Amino acid sequence: MGPASFVGSYRITGNKVIIRLRNQICDSAEELLESGLCLEIVKRAVAALQKRGSILLGIFGGRVVDDAGISTLMQVLQFLEKMDADRVACVVPGSEDFFRDRNLLNDFVEYLYNFWRGFERFIVCDSEGDQLDRRPYRTFNRTIENLTSLVRHTYREIQENISGTHPRIYRQIAAGAEMATIATPKAIPYPGGAYQKLAPLSVVRQILFYPPLVLDPPNNKRTGKFERIQENPLEWCNFSRDEWLCYPVKAGDTLVHVYFSEKFFELGLSMANLFELASDEDLKRKPDAVYLYGLSDDQFRAPEDVFPTVFFDDEANGILVGAVPARDEFGYFGYLKKMIMTLHNIKKIQSGRMPFHGAFMKIHLKGKKPATLLLMGDTGAGKSETVEAMRGFGADLIQDAIVIADDMGSLELKEDGTVLGYGTETGAFSRLDDLKPGFALGQIDRAIIMNPYQVNARIALPITTFANVVKGHTVDFVLYANNYEDIDEDHPVIERFETSEEALKTFRDGAVMSKGTTRTMGLVHTYFSNVFGPVQYRAEHDVLARKFFEAFYKKGIFVGQMRTRLGVPGWERKGPEESAKALLDLIRNDQRY
C-alpha cells in the first residue's frame, strides 16, 4: 500500500518529515507498516547503515542489500507485529537470515525506531471543507495522538515478538509527530494584484506540540539588517499550497501574516511559543504587514547590492512586505522574529508611536504602588537576565512581576502627557547560557530549545498573556542597559541622567559589548540599540525620540542607565544579579511609591 494509507501525502525534506492529511491517519499497525512513508524510512535507515558499514547489516546474512532484501525485511516487520519470531520465520519465505541472531535483529529495530525519531516530524491537517478547526482537540486526537500511540505500539509489539519477553520499564516517548497544525484557506481582504497569490495558501488555526521540543535549525546566529527595497517581493513569486503555510501573528496590535516555506516549518510553527495567533475575527481585516520567509533562490530577486533580508513599503495599500530567501544561512529563528519586529516597529513609527528594543515590566512590591520599568538596550545587554535575577532576589519583596515586553514594544504619548507602554510578544527567545542555572530546566515542560549543542543555544517559552501585552501601562522608569562598563565610585550600578539631552546621547549611541549572538563582536554602536525599524526610518524616529524624551522629563519619569556588566568578563551572572538588587532598591526608595 502506498502513501494513501495516510489519507493524505508526505514529504521528506532535509531532516523533516511533513505529513499532510484531510482525515484520520493510520488506523492500525498493519496500515502503518504497509505505508509508503514507512518503506521510505526503512530504505533511508538501511542506506545510512551501509554508508558507515554497520554490523547491523548482518541481519541480511551477508547478502547484497537490494530491493528484494528490503521487501523481505518489510514483510518480516509486518508479521512480527502480529506473531512471535518462530512463526514468522516459517511464514515469510527467505526470512531465515533475519532470525539467525535475534539480538542483532532486536538492535536493528531499536535503531530503526531511533532513526525515525531523529527526524523533525510534522502533521498538517487540511481543514478546507471539513471544519476541523471547529473541533481541534478531536482532530489532534485522531492524528498526532493516534500516530504517537500507534508507532510506540508497533515498536513494542515487534520487539516483544523478537525477544519473547516484556519490558519492565516503559518510556512514553513522543514517537509520532512532534508538532501538528490545523490549517485552512481564509478569505483575507487583501488588495488586488500580486496579493491575490496568497489567497489559496492555508492559514494556521491551531497548533499542538509535545514539549520540550528540541530543534537543530541550520544556523545559530543572525547578521545584517533588514533592507528597504523599491519593489514588492510578491511580484517575484508564485506559491505552491503544498509547500507553504501562514501563521498570522499578533505582534501587539499589529497584524503580520507570516508565510513560511516547508524548509523552515520547524521555525515557523515555533512562533506558537512567542506570538499570539490571530483569531478568525482578526483575519477579517487587511494585515498591516506580510512576511515571506523562505523564498527559493530562483524567485528571490532583491537587488544584488543589498543584504538579502528585505522589505517593501507599499504605501499605496498600507502594507509592508518582507522577504528572506530559503538558504541555510537564514535558517535561524532570529530572522523570523526580528523581521516581524522590524515590520511592527515601522508601523508604529508611521503611526506616531516610538518603538523600543527592551524589556518592559510591571513590579508590584509589597506595601508599594506598582511601578513599571522599561529597560532599553541591544541584544546581549543584560535586560532579560536582570529581570530574571530580580524575580529570584526579590522573592520576599515582590508581590507580582508582570512581563509586558521581553524584547520589543512601543510607547504612546497621550494628550495629558502620560506615556504608555505596550509589548509585542507573549513569549521570550533567550540565550540558554545567560539564564540563571536551573531556570531553563524548571520551564522545560513548555519549552522549545534550539541549537542546544552550539554557541548561542536558545530557548523559546511563553512568559506572559496577550492581555498584558496590549493593555497599555504607564511608564515610571526608563533605563539604558549598559553591559560594557565596570562600576566604581563614579560609575554606580544605576545612574540618573539629569537632562533629556544627556539621556538622548546615551540612548541614541546604543553602545553594547557584543556577545556573539549575531555575527558582531566587541563594542558596537547601533542607533537606539535598534536596527529593526528606527535605523531604516531614522529621520522620522529622531523626531519621535526627542518628543518622547522631553515628555519623560516633563512627567517626572526616572531616566538613567543601568550597568549590567553582562559583557564584562567574569560578571556574566553576578552583574545582572547586582543590577537586579539595585533596581529593587531604586523602586523601594523612590518617594513616588
Side-chain angles (χ1 to χ4, degrees), residues 190-191 194-195 222 224-235 247-259 271 274-276 278 282 285-293 302-303 306-324 330 334-358 360 376 378-379 405-413 420-425 469-470 507-508 510 518 526-548:
Y190 280 122
Y195 290 94
R222 180 191 54 79
K225 63 181 181 180
F226 301 100
E227 306 263 8
R228 185 176 180 179
I229 59 173
Q230 299 305 313
E231 184 180 7
N232 192 332
L234 281 167
E235 299 289 351
Y247 186 110
V249 162
K250 291 292 293 293
D253 60 0
T254 301
L255 181 60
V256 182
H257 287 190
V258 181
Y259 291 86
M271 287 189 288
L274 211 67
F275 292 105
E276 180 79 359
D282 292 321
R285 73 175 177 93
K286 181 182 69 174
D288 299 298
V290 169
Y291 180 18
L292 312 174
Y293 182 54
V306 301
F307 193 75
T309 54
V310 299
F311 70 91
F312 170 70
D313 191 346
D314 185 354
E315 297 176 357
N317 288 304
I319 299 178
L320 297 168
V321 182
V324 168
F330 301 115
Y335 286 107
L336 193 57
K337 166 187 159 73
K338 293 301 190 183
M339 174 66 91
I340 295 169
M341 293 294 92
T342 299
L343 301 174
H344 163 273
N345 291 348
I346 293 170
K347 277 294 179 182
K348 291 309 170 195
I349 292 171
Q350 293 174 340
S351 70
R353 288 191 190 179
M354 188 179 91
F356 63 78
H357 186 184
F360 185 45
M376 296 172 64
D378 211 338
T379 301
D406 180 72
D407 183 40
M408 295 272 182
S410 65
L411 300 176
E412 178 185 19
L413 183 58
L420 297 181
Y422 303 84
T424 52
E425 304 150 286
V469 167
V470 297
F507 282 83
R508 187 184 285 118
T518 61
T526 305
Y527 175 73
F528 272 90
S529 305
N530 198 345
V531 297
F532 313 108
V535 167
Q536 293 85 344
Y537 288 72
R538 183 163 181 161
E540 297 88 340
H541 183 273
D542 244 352
V543 173
L544 286 173
R546 183 167 295 279
K547 176 181 176 182
F548 273 85

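Count residues from 1 along the sequence. Please read all numbers here as calculations on a predicted model, not as lab measurements.
Annotation for Ser529 and Asp378: closest pair CB-N, 3.4 Å, computed over non-hydrogen atoms. Residues Gly533 and Ile346 share a closest heavy-atom pair of CA-CG1, 3.9 Å. Across all their heavy atoms, Asn317 and Pro191 have their closest contact at OD1-CB, 3.5 Å. The two residues Phe356 and Met376 have their closest heavy-atom pair at CB-CE, 3.9 Å. Shortest non-hydrogen contact noted between Leu544 and Gly352 is CD2-O, 3.4 Å.
Of the inter-residue distances, the one linking Phe311 atom CZ with Met339 atom CE reads 7.5 Å to the nearest 0.5 angstrom. The OH atom of Tyr527 lies 3.5 Å from the CG atom of Asp542; values are rounded to the nearest 0.5 Å. Atom-to-atom distance recorded for Leu343:CG and Thr254:OG1 is 9.5 Å, nearest 0.5 angstrom. The CZ atom of Phe532 lies 10.0 Å from the CE atom of Met341; values are rounded to the nearest 0.5 Å. To the nearest 0.5 angstrom, Ile349 atom CD1 is 7.0 Å from Glu540 atom CD. Atom-to-atom distance recorded for Phe226:CZ and Phe307:CZ is 8.5 Å, nearest 0.5 angstrom.
Listed by chain and number, the residues in a ring-ring contact (aromatic ring centres under 6.0 Å, His included) with His257 are Tyr190 (sequence neighbours excluded). Applying the side chain to side chain contact (heavy atoms under 4.5 Å, CB included) rule to Lys547 yields the partners Leu413; only residues at least two apart in sequence or on another chain are considered. By the salt bridge (charged side-chain N to carboxylate O under 4.0 Å, His left out) test, Asp288 pairs with Arg285, sequence neighbours left out. Under the side chain to side chain contact (heavy atoms under 4.5 Å, CB included) criterion, Glu315 pairs with Arg228, Asp313, not counting sequence neighbours. With sequence neighbours excluded, the residues satisfying ring-ring contact (aromatic ring centres under 6.0 Å, His included) with Phe507 are Tyr480, Phe549. Every residue meeting the ring-ring contact (aromatic ring centres under 6.0 Å, His included) condition with Tyr293, not counting sequence neighbours, appears here in chain and number order: Phe264, Tyr291. Arg546 is linked by a side-chain hydrogen bond (donor to acceptor under 3.5 Å, both in side chains) to Glu501, counting only residues two or more places apart in sequence or in another chain. Take Asn232 and apply the side-chain hydrogen bond (donor to acceptor under 3.5 Å, both in side chains) test, not counting sequence neighbours, and it matches Tyr195. Remark: Lys338 pairs with Asp407 by the salt bridge (charged side-chain N to carboxylate O under 4.0 Å, His left out) rule, at least two apart or across chains. With sequence neighbours left out, the ring-ring contact (aromatic ring centres under 6.0 Å, His included) criterion links Tyr422 to no other residue. Take Glu227 and apply the side-chain hydrogen bond (donor to acceptor under 3.5 Å, both in side chains) test, not counting sequence neighbours, and it matches no residue. Partners of Pro303 by side chain to side chain contact (heavy atoms under 4.5 Å, CB included), not counting sequence neighbours, listed by chain and number: Ile229, Asp305, Val306.
Side-chain contact check for His541 versus Arg538: every heavy-atom pair is 4.5 Å or farther apart.
Side-chain N or O atoms of Lys286 include none that pairs as donor or acceptor with a backbone N or O of Ile319 at under 3.5 Å. Under a 3.5 Å cut-off, the side chain of Arg353 and the backbone N or O of Pro355 do not form any donor-acceptor pair. Thr424 contributes a side-chain N or O that, together with a main-chain N or O of Met408, makes up a donor-acceptor pair within less than 3.5 Å. Checked by atom type and distance alone, the side chain of Glu425 never pairs as donor or acceptor with a backbone atom of Ala405 at under 3.5 Å. With hydrogens and angles ignored, the 3.5 Å screen pairs no side-chain donor or acceptor of Ser410 with any backbone N or O of Asn345.
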Determine, step by step, whether Val469 and Glu276 satisfy the side chain to side chain contact (heavy atoms under 4.5 Å, CB included) criterion, reporting the C-alpha distance in whole Å, the side-chain angles of both residues, the deciding distance to 0.1 Å, and the verdict.
-> CA-CA 10 Å; Val469 167; Glu276 180 79 359; over 6 Å; no
Would you please test Met271 and Ile340 for side chain to side chain contact (heavy atoms under 4.5 Å, CB included) and show each step?
-> CA-CA 11 Å; Met271 287 189 288; Ile340 295 169; 3.7 Å; yes
Decide side chain to side chain contact (heavy atoms under 4.5 Å, CB included) for Val290 and Tyr259; before the verdict, give the C-alpha distance in whole Å, the side-chain angles of both, and the deciding distance to 0.1 Å.
-> CA-CA 8 Å; Val290 169; Tyr259 291 86; 4.0 Å; yes
I would like to know whether His357 and Val531 meet side chain to side chain contact (heavy atoms under 4.5 Å, CB included); could you show each step before the answer?
-> CA-CA 9 Å; His357 186 184; Val531 297; over 6 Å; no
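Checked against a 6.0 Å centroid threshold, the rings of Tyr335 and Phe330 count as neighbours.
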